[in-house]
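For reference, the structure is listed below as structure tokens.
Residue numbering restarts at 1 for every chain, and letters A, B, ... go by the order of the sequence lines. Side chains included, hydrogens not; waters and symmetry mates left out as well; all remaining heavy atoms used.
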Protein chains: 2
Amino acid sequence: MKGVRVRSKIWLEVDGKPLLGSGRERLLRAIDTEGSLNAAAAELGISYRKAWAQLQHMEKHAPFPLVERSKGGKGGGSTHLTRETRELLARYARLKTGLNELIDEKFAQEDES
Amino acid sequence: MKGVRVRSKIWLEVDGKPLLGSGRERLLRAIDTEGSLNAAAAELGISYRKAWAQLQHMEKHAPFPLVERSKGGKGGGSTHLTRETRELLARYARLKTGLNELIDEKFAQEDES
DNA sequence: ATATCGTTATGCAAATTTCGCATAACGATA
DNA sequence: TATCGTTATGCGAAATTTGCATAACGATAT
């Protein structure tokens, strides 16, 4: 089928509400490397407001605390991932790469038709 | 991970624009069985306006005509799928069930952790 | 004590998107 | 040429997303 591409997406939900998809994965990883939500938002080129809202939604449905935040102090504050969040990210990454491999293997040639 | 579910979605795109996902698949199948867009919308419990817009978007990016429409006449009019659309639907269905099987096989137990 | 500074935390209005009501257009048949 | 059930859309309302502006915070420096 000329010009038609197969795309896919995998994500985690908790009682029907989105918990972690690839966009939010990017945000969490940026928080991890930057050490603050503010810097993470800048890194991703999105507004702090938006990044904050995304994190809020995630935490609202997460079965455990995703981050530890601090306000004020030297450097103004910080946001760090919890250990459980790092594990969740690792699990999600495995899931995603696994899915992509499967799709490549199984459907790539079928897609040439 | 307690209460966390893995969800996934697969769809077709043509130059970055969505062509066919599971919602639109349902619409096309309803059109096929009902013989009209109007009846299909009722069948799915969505407004005609919405179904019409979805079909418009699909046709805007499809590399071939998706439906044949008629206005007026006995019965007021009709919408029918083209042969190529039926083939596209079949291909998409295979893709989707294949993906679901793979996910069940590969990731279901991993999800129990 | 208190001023500073960069972060977290939100209110709120504007912009965008989605939704659906209302209505026109259509044309084979009666 | 009147009817009838469909396709086709304009348009305002409703919902959602976006981002500007501003407050709150508190360890450190003064």
Side-chain angles (χ1 to χ4, degrees), chain A residues 9 11 13 16-62 64-82 85, chain B residues 9 11 13 16-62 64-82 85:
Chain A
K9 180 176 169 52
W11 70 99
E13 281 187 358
K17 307 300 174 105
L19 170 62
L20 181 61
S22 50
R24 289 163 176 200
E25 178 195 24
R26 271 196 303 278
L27 177 59
L28 290 179
R29 290 192 185 284
I31 290 173
D32 202 22
T33 59
E34 298 293 330
S36 87
L37 182 54
N38 191 36
E43 161 80 21
L44 298 181
I46 65 178
S47 68
Y48 172 86
R49 186 69 178 78
K50 183 173 180 175
W52 178 82
Q54 286 186 0
L55 186 54
Q56 286 293 103
H57 285 131
M58 273 189 269
E59 290 225 282
K60 183 167 188 170
H61 301 110
F64 54 82
L66 292 176
V67 296
E68 282 178 3
R69 310 156 191 247
S70 76
K71 281 162 69 174
K74 176 181 183 177
S78 65
T79 301
H80 291 98
L81 304 188
T82 62
T85 301
Chain B
K9 179 174 170 55
W11 72 99
E13 282 186 358
K17 306 301 175 110
L19 170 62
L20 182 60
S22 50
R24 289 163 176 197
E25 178 193 24
R26 272 197 301 279
L27 177 59
L28 290 178
R29 290 191 185 284
I31 290 172
D32 202 21
T33 60
E34 298 293 330
S36 86
L37 181 55
N38 191 33
E43 161 80 20
L44 298 182
I46 65 178
S47 67
Y48 172 85
R49 188 68 178 77
K50 184 173 179 175
W52 178 82
Q54 284 186 1
L55 186 54
Q56 285 293 105
H57 285 130
M58 272 189 271
E59 291 226 280
K60 184 166 187 170
H61 301 110
F64 54 82
L66 292 176
V67 296
E68 281 177 4
R69 309 155 192 247
S70 77
K71 282 161 68 174
K74 178 181 182 178
S78 65
T79 301
H80 291 98
L81 303 189
T82 62
T85 300

Under 3.5 Å donor-acceptor, S70(A) side chain and S78(A) backbone: yes
Side chain to side chain contact (heavy atoms under 4.5 Å, CB included) against K74(B), all qualifying residues, sequence neighbours excluded: none
Under 3.5 Å: donor-acceptor pair, side chain of R24(A), backbone of P18(A): yes
Minimum heavy-atom distance between P65(B) and E59(B), given as atom pair plus value: C-OE2, 3.9 Å
Non-hydrogen atoms of T85(B) and L66(B) that approach each other most closely: OG1-O, 2.7 Å
Test item: L20(B) and L28(B) side chains (from C-beta on) under 4.5 Å apart, heavy atoms: yes
Flag if over 12 foreign heavy atoms under 6.0 Å of CD, E68(A): no
L44(A) and L27(A), any side-chain heavy atoms less than 4.5 Å apart: yes
Any residue of residues 68-80 of chain B with a heavy atom less than 4.0 Å from an atom of DNA chain C: K71(B), G72(B), G73(B), K74(B)
Heavy-atom contact window of chain B on DNA chain C, given 5' to 3' at under 4.0 Å: dC19(C) to dT29(C)
Minimum heavy-atom distance E43(B)-A30(B), with the two atoms named: CG-CB, 4.3 Å
K17(A) atom NZ: more than 12 heavy-atom contacts under 6.0 Å: no
Closest approach of A39(A) to S36(A) (non-hydrogen atoms, all atoms of both residues): N-OG, 2.9 Å
Runs of at least three consecutive pairs that involve DNA chain C, where pairs are Watson-Crick or G-U with distances under 3.5 Å: C:1-30 with D:1-30
Which atom pairs, one a donor and one an acceptor, fall under 3.5 Å between side chains of residues 47-58 of chain A and the rest of the protein, sequence neighbours left out?
{"residue": "S47(A)", "atom": "OG", "partner": "K50(A)", "partner atom": "N", "Å": "3.1"}
{"residue": "H57(A)", "atom": "ND1", "partner": "A53(A)", "partner atom": "O", "Å": "3.2"}

Of residues 41-51 of chain A, the positions that come close to DNA chain C - non-hydrogen atoms, cut-off under 4.0 Å: Y48(A), R49(A)
